[in-house]
There are 2 protein chains.
Amino acid sequence: MITGSKKMIRDINSHLVLETVLNEGPVSRAAISARSGLTKATVSAIVADLIDRQLVREIGSDDTSLGRKPILLEFCKENGHILSIDLGVNAITAFTSDLMGNDCGLKIFPNNYTRDNIISGLIYIINLSLSELPETPFGLTGIAIGVHGATNGNEIIFAPYYDYSGLPFADRLSEHFHVPVFLENEANLSVIGEKCFCYNVPNLIGLSVHSGVGAGIIINDELYTGINGNAGEIGHTIINVNGRECPCGNHGCLEQYASERAILSEYAEIRRLDGVTIEEFTQAYNEGDPIALRLLDQFISYISIAVNNLLNTFNPDVIVINSGFTINIPELHELIRDQLKNRMKRYCTLVPSGLQDISILLGGACLIIKDFLGVSYCAKDSSFKID
Amino acid sequence: MITGSKKMIRDINSHLVLETVLNEGPVSRAAISARSGLTKATVSAIVADLIDRQLVREIGSDDTSLGRKPILLEFCKENGHILSIDLGVNAITAFTSDLMGNDCGLKIFPNNYTRDNIISGLIYIINLSLSELPETPFGLTGIAIGVHGATNGNEIIFAPYYDYSGLPFADRLSEHFHVPVFLENEANLSVIGEKCFCYNVPNLIGLSVHSGVGAGIIINDELYTGINGNAGEIGHTIINVNGRECPCGNHGCLEQYASERAILSEYAEIRRLDGVTIEEFTQAYNEGDPIALRLLDQFISYISIAVNNLLNTFNPDVIVINSGFTINIPELHELIRDQLKNRMKRYCTLVPSGLQDISILLGGACLIIKDFLGVSYCAKDSSFKID
DNA sequence: ACACTTTGTTTAATAAGTAAACAAATGGGG
DNA sequence: CCCCATTTGTTTACTTATTAAACAAAGTGT
């Protein structure tokens with residue numbers, strides 16, 4: 001059991017100080033003391049330790065009008081690196097950053113890997129990305145991998161679009177690189193990214209609409225994944241009794257109506273095409289193709305049902321939508337909001353993704369920051385307009 | 001901000017000791033030390049303080065084979081009382097208990113009260129209930145009120161079946177009785193009761209099917225109510241696009257298919273009755289009335305959809321169902337489980353309510369215990385069969 | 001030059017936990 | 001019947017971390 005001890009006090013206060021420097025820095029000892037409620041003596045002692053551990057450094061003095069000039073403290077963001085991977089079905093994206101998520105390099109690789117060579121493929125990709133980074137005191141601090149499926153942190157439990165289930169991703173990579181490795185669902189990483197960089201509220205739902213439909217759930221500032229990592233699998237909530245058949249065995253699952261896959265394949269079928277990309281579909285829509293218009297109308301309607309259901313289930317501060325359609329067709333967002341206003345007496349805040357296609361990668365970075373520092377990163381300008 | 005301090009350590013450890021005595025008592029100091037990881041010295045100091053505060057007392061020694069006999073410690077459950085109210089549409093139930101939720105009296109009153117006299121009516125009812133209790137050191141420790149609607153803790157925000165919205169229930173009663181008063185949704189209290197007395201798991205969803213349909217949500221051992229107390233309003237999640245019209249303005253809300261109100265009114269309509277109670281309906285069902293059979297079949301089907309959607313959204317440890325139908329017709333539970341097994345590849349644990357019609361009242365008691373002691377009560381036999 | 005402010009450090013006091021020794025209580029074996 | 005092993009619970013000496021207050025450092029304005 002967790003008992004209170006002197007170590008615990010120091011831990012709590014040390015994290016509090018570090019959090020203040022990380023998220024509000026540069027900042028002086030006196031300002032930290034005023035904001036946190038810790039005495040100046042305590043702050044000084046903790047800061048000395050943080051400087052010793054190369055997490056914090058003194059930079060010049062601030063210009064104030066009166067009194068002794070404060071010594072500003074700054075988080076040593078470049079003393080280590082983070083590696084974040086988006087394990088897509090068609091592409092693998094590798095992103096490296098400093099300890100505040102600042103871009104240190106992004107590489108995209110086609111995903112030709114099979115079940116047999118995906119792990120060694122990732123090792124190759126990671127080594128390639130790391131080779132371009134300068135030496136730092138901490139080196140690599142962790143690896144986050146976003147997958148399109150359910151995970152238990154180490155393995156993929158269930159993923160519809162690739163055959164990687166049961167492979168010990170995190171174990172192998174962490175053996176190889178000697179750092180913590182987190183394997184997490186893409187919707188979950190995505191919502192973490194949105195929270196840390198854009199919409200900093202305690203209860204945030206990220207609605208991710210890509211091939212499938214998933215929700216990342218943050219409750220009381222913590223990611224909620226359920227007992228098997230299956231929470232937020234709203235693609236298989238039923239919104240139409242006796243509706244379309246779903247591979248999952250049920251009828252009328254949301255994913256059969258409101259996913260990219262559903263819309264694109266319906267479009268391809270009607271137009272008798274072999275397949276269609278989201279870019280091709282967007283072009284058709286922009287050129288006024290009536291089929292595309294009708295399908296996107298359907299999409300809007302079903303997404304607003306999904307949001308309605310999430311609002312009535314979670315009553316969160318904010319719901320943030322991320323989908324290829326809303327990225328490619330910005331006006332879509334207002335149309336979804338209009339539909340929703342018709343549905344909901346009690347209106348709630350629906351906002352567009354602030355990070356769009358890099359939300360997974362930045363969310364991964366935040367996960368590693370939290371693990372390495374024990375403190376949640378929150379970008380200074382993470383108060384995007386919410387209305 | 002919350003800083004670590006000596007007071008905080010003592011608080012944490014004191015609560016840890018009290019929790020052990022409350023939930024695992026009678027128990028000796030040595031046993032508390034072994035279980036919690038605190039040293040014997042710390043436990044002794046804290047116990048002395050708890051005895052001083054009349055929360056814990058020493059009872060006789062235990063019979064052990066070897067060594068000095070331990071002094072058993074017990075929680076002073078009868079040193080205070082709790083009052084719990086179920087503010088039903090037709091009836092108001094008042095329940096008094098000791099500090100472990102043991103029955104000290106239950107009274108049922110018809111609810112003839114209007115918006116103008118409901119608060120004074122409650123004061124009358126509460127005084128009547130309190131008048132039968134013996135004097136205790138702490139006296140009344142708190143009042144919990146379960147309402148059939150959404151609340152913000154003090155007022156009713158929205159309740160479809162009575163006109164009490166906006167009345168300052170908690171403020172008035174707490175002024176009058178000088179104790180904390182909690183106004184909470186019935187589904188929320190219900191799930192608290194199920195957790196504390198029956199199914200002690202960290203992530204528990206309580207599906208309450210009465211006039212409407214609501215879910216109580218416990219995540220990481222904490223009740224989650226959303227930012228306006230509207231979380232769990234799953235009666236208005238849409239499960240049938242273009243389905244039946246709902247007073248909320250949408251079409252196809254769950255509540256139009258799977259609530260007592262929906263089933264009973266459909267039955268009354270078909271049978272051309274003025275209205276029908278759940279008892280009358282149950283009788284018809286038991287006598288083999290084909291309409292009742294068909295409607296209950298529909299009920300099972302829609303409830304299994306609701307459970308499917310909750311499972312895919314929350315992936316909890318357990319979902320517990322509480323409804324007038326399952327209470328009156330026990331075999332219903334297995335039928336719902338069978339339906340669900342067809343739907344879900346990943347099967348999850350669905351269990352029947354352990355507390356049935358008193359879950360709201362006992363949940364209210366647990367809420368007060370938590371507030372008064374700062375510790376969650378968990379009944380010793382709260383490990384009901386889960387399969 | 002001096003008073004005033006603000007920052008950051010030092011010092012003494014206090015609270016709370018820990019480990020280890022000790023006292024108390026008890027049963028069993030010689 | 002006495003002594004010892006054993007277990008419980010208390011006491012003691014020590015350590016750690018916070019706090020309040022005094023103090024030193026650094027800078028500005030009159």
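Below, read A as the first sequence line, B as the second, and so on, with proteins coming before strands; counting in each chain starts at 1.
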Under 4.0 Å between a side-chain N/O of K7(A) and OP1 or OP2 of dT15(D), yes or no? no
Nearest to the side chain of K69(A), heavy atoms from C-beta on, is which of dG17(C), dG27(C), dT28(D)? dT28(D)
Describe, in one word, how the ring planes of F197(B) and Y377(B) are oriented to each other, choosing from parallel (under 30°), tilted (30 to 60°) and perpendicular (over 60°). perpendicular
Just compare dG17(C), dG8(C), dT19(D) and give me whichever is closest to any side-chain atom of P70(A). dG8(C)
Considering only heavy atoms and no angle criterion, is a donor-acceptor pair shorter than 3.5 Å present between the side chain of K6(A) and the base of dT18(D)? no
Donor-acceptor pair (no angle test) under 3.5 Å: R10(A) side chain, dA17(D) base: no
Between K195(A) and N200(A), is there a side-chain donor-acceptor contact under 3.5 Å, judged purely by atom types and distance? yes
Results of side-chain contact (heavy atoms from CB on, under 4.5 Å) for R53(A) - residues two or more places apart only: S14(A), D49(A), L50(A), L55(A)
Tell me if the aromatic rings of Y224(A) and Y224(B) count as close, with their centers under 6.0 Å from one another. no
Does any donor-acceptor pair link the side chain of R68(B) with the base of dT7(D) at a separation under 3.5 Å? no
Sub-4.0 Å heavy-atom contacts from residues 26-43 of chain A onto DNA chain D, ordered by number: T39(A), A41(A), T42(A)
For the side chain of N152(B) and the backbone of N228(B), is there at least one donor-acceptor N/O pair under 3.5 Å apart? no
